[in-house]
Amino acid sequence: MNDSELDSIFRDDWPEDHRSGVVAVVGKPNVGKSTLINQILGQKVAAVTPKPQTTRRNQLGIYTVPEGQILFVDTPGMHQPVHKLGEWMVRDAERALKDADVILLLLDVSQLPDHEDRNLVERLKRLKDDTPLFLALNKADALKPGQRESHVSAHADLIEHDGLHVISALNGDGVRQLIDALMALMPLGPRYYPEDQVTEVNLRTVAAEIIREKVMLNTEQEIPHATAVEVESFQERDENMTYISAVIYVERDSQKGIVIGKNGSLIKKIGAEARAEIEPLVGTPVYLDLRVKVLPNWRTDDRLMSRLGFKTGKERKGR
Ligand SMILES: Nc1nc2c(ncn2[C@@H]2O[C@H](COP(=O)(O)OP(=O)(O)OP(=O)(O)O)[C@@H](O)[C@H]2O)c(=O)[nH]1
Ligand SMILES: [Mg+2]
């Protein structure tokens, strides 16, 4: 082995001017935060549905290029909570602001700002210190002719900002420029995660999120929000089969009946849709065993929430 080969083994494999940092992606529910993270990473790591309050907890999306690494934090939508789970979600989102090098506030530019946007912006102003703030005006593809200028300026006027990008997280328009501008603001720093790692959660958790997304997409009203999913067993039996068993928790017997459906028709559909997305991730066929259980009012019960991973106070440490 010659000197330069030895050198390259001991040398870190990122350049001296490598940048890295944290971008907290925040905004109202349903503005497209998770869609944007998935678009940036080029693969699905976060659940996306047309229903508000899909994301329940902060989740990293790790974007790596030779010149730097950006740790995007997808957060639950900030809203006025009506139960303990909602309070937990909003607190988690607010926590993300503290560690951020840049805050990226997503707004839905296809609508004019409403009172929720104004409330959120007031809250952000109080919480954000002097962290740089970028606005991403999302859903530009859904603007109607003639709306663009007035909608953009109405959102731009909401809060002082250090950058503004009009984007479509859905089709990717403007996302490249946004990433480049964010990268330029990242401090010099190391590559924290290996280049092929896109998130810090394991496949088991991703599988649970996919199953929950399918339940949310196939149910209405309260059920999407009353559902939690726990993967109980995740075993790669051999290269031809991964066995996954998961429990779908709901809050009431009537909800259990709906999720199962007539002769099990809905749970079968949910299972088939989830399996189709989990299989390419695990790289084998999946045997997916789904059961539905009732955990009465878990969203207002500290103990049950904690069991489902929404830990409070000191319990959170080490999460
Ligand atoms: N037309 C259009 N729809 C979008 C765009 N981005 C997201 N959506 C849609 O908006 C809905 C909400 O997207 P999510 O990514 O789940 O939104 P979120 O901000 O993560 O929502 P919460 O997790 O509930 O806070 C989904 O139906 C997306 O398909 C976009 O650029 N254009
Ligand atoms: Mg989300």
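All values reported here derive from a predicted model rather than from experimental measurement. Order of listing sets the numbers, starting from 1, for every ligand and every atom in it. If you read the sequence from its start, that first residue is 1, and numbering goes on from there.
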>> As an exercise, identify every atom of ligand 1 less than 4.0 angstrom from a heavy atom of Gly77.
In response: 25 (O)
>> Checking Lys125 now: which residues fulfil side chain to side chain contact (heavy atoms under 4.5 Å, CB included) with it, not counting sequence neighbours?
In response: Val121, Glu122, Ile159
> Of the protein's non-hydrogen atoms, which lies at the shortest distance from atom 32 (N) of ligand 1, and what is that distance?
Replying inline: Asp141 OD1, 2.7 Å
> In the single-linkage hydrophobic clustering (I, L, V, M, F, W, Y; side-chain heavy atoms under 4.5 Å), do Ile40 and Val102 co-cluster?
Replying inline: yes
>> Quick check: closest heavy atoms across Ala24 and Ala96, and the distance to 0.1 Å?
In response: CB-O, 3.7 Å
> Is the shortest N/O to N/O distance between Ala47 and ligand 1 below 3.5 Å?
Replying inline: no
> Can you tell which part of Asn30 has a heavy atom less than 4.0 Å from ligand 1: side chain, backbone, both or neither?
Replying inline: both
>> Give me the nearest non-hydrogen protein atom to atom 6 (N) of ligand 1 as residue plus atom name, then the distance to 0.1 Å.
In response: Asn138 ND2, 3.2 Å
>> Holding to side-chain hydrogen bond (donor to acceptor under 3.5 Å, both in side chains), I want the full list of residues that pass it with Arg307, two or more places apart in sequence or in another chain.
In response: Glu230, Tyr249
> Considering only the protein, which heavy-atom contact is closest to atom 27 (O) of ligand 1, and what is its distance?
Replying inline: Pro50 CA, 3.3 Å
> Would you call the rings of Tyr243 and Tyr287 parallel, tilted or perpendicular, where under 30° means parallel and over 60° means perpendicular?
Replying inline: parallel
>> Please give me the minimum heavy-atom distance between Val65 and His18, naming the atom from each residue.
In response: O-NE2, 4.4 Å
>> For the 3.5 Å polar cut-off, considering only N or O atoms, please tell me whether Pro76 and ligand 1 meet it.
In response: no
> Val31 to ligand 1: N or O pair under 3.5 Å?
Replying inline: yes
>> Pair Asp129, Thr131 - check side chain to side chain donor-acceptor pair (under 3.5 Å), show working.
In response: CA-CA 6 Å; Asp129 303 328; Thr131 312; 5.1 Å; no
>> Can you pull out every side chain to side chain donor-acceptor pair (under 3.5 Å) where at least one residue sits in residues 156-168? Sequence neighbours excluded, please.
In response: Asp141-Ser168, Ser168-Asn171
> What is the minimum heavy-atom distance between Lys128 and Leu133, and which atoms define it?
Replying inline: CE-CB, 4.0 Å
> Leaving waters out, which protein N, O or S atoms fall under 2.8 Å from the Mg ion (ligand 2)?
Replying inline: Ser34 OG, Thr55 OG1
>> Is it the case that over 12 heavy atoms from other parts of the model lie below 6.0 angstrom from the CG atom of Asp238?
In response: yes
> Which of these, Val25, Leu60, Thr75, sits in a side chain to side chain contact (heavy atoms under 4.5 Å, CB included) with Ile37?
Replying inline: Val25
> What atoms of ligand 1 come within less than 4.0 Å of a heavy atom belonging to Gln53?
Replying inline: 24 (O)
> Where does Thr49 meet ligand 1, judged by heavy-atom distances below 4.0 Å: at the side chain, the backbone, both, or neither?
Replying inline: backbone
> Of all the non-hydrogen atoms in the protein, which one sits nearest to atom 29 (O) of ligand 1, and at what distance?
Replying inline: Leu170 CD1, 4.0 Å
> Which part of Val48 is near ligand 1, with near meaning a heavy atom under 4.0 Å away: side chain, backbone, both or neither?
Replying inline: both
> atom 7 (C) of ligand 1: which protein heavy atom is closest, and how many Å away?
Replying inline: Thr35 OG1, 3.4 Å
> If Ile, Leu, Val, Met, Phe, Trp and Tyr residues are connected whenever their side-chain heavy atoms lie under 4.5 Å apart, and connections chain through other members, are Ile179 and Ile62 in the same group?
Replying inline: no
> Name the one of Gln177, Met183, Arg176 that satisfies side chain to side chain contact (heavy atoms under 4.5 Å, CB included) with Asp180?
Replying inline: Arg176
> Within less than 4.0 angstrom of ligand 1, does Pro52 place any heavy atom?
Replying inline: yes
>> Any nitrogen or oxygen of Gly32 lying under 3.5 Å from a nitrogen or oxygen in ligand 1? Just yes or no.
In response: yes
>> For the 3.5 Å polar cut-off, considering only N or O atoms, please tell me whether Ala169 and ligand 1 meet it.
In response: yes
> Which of these, Lys33, His225, Lys139, has its nearest heavy atom closest to atom 4 (C) of ligand 1?
Replying inline: Lys139
>> Atom CZ of residue position Arg148 - does it have more than 12 heavy atoms of other residues, nucleotides or ligands inside 6.0 Å?
In response: no
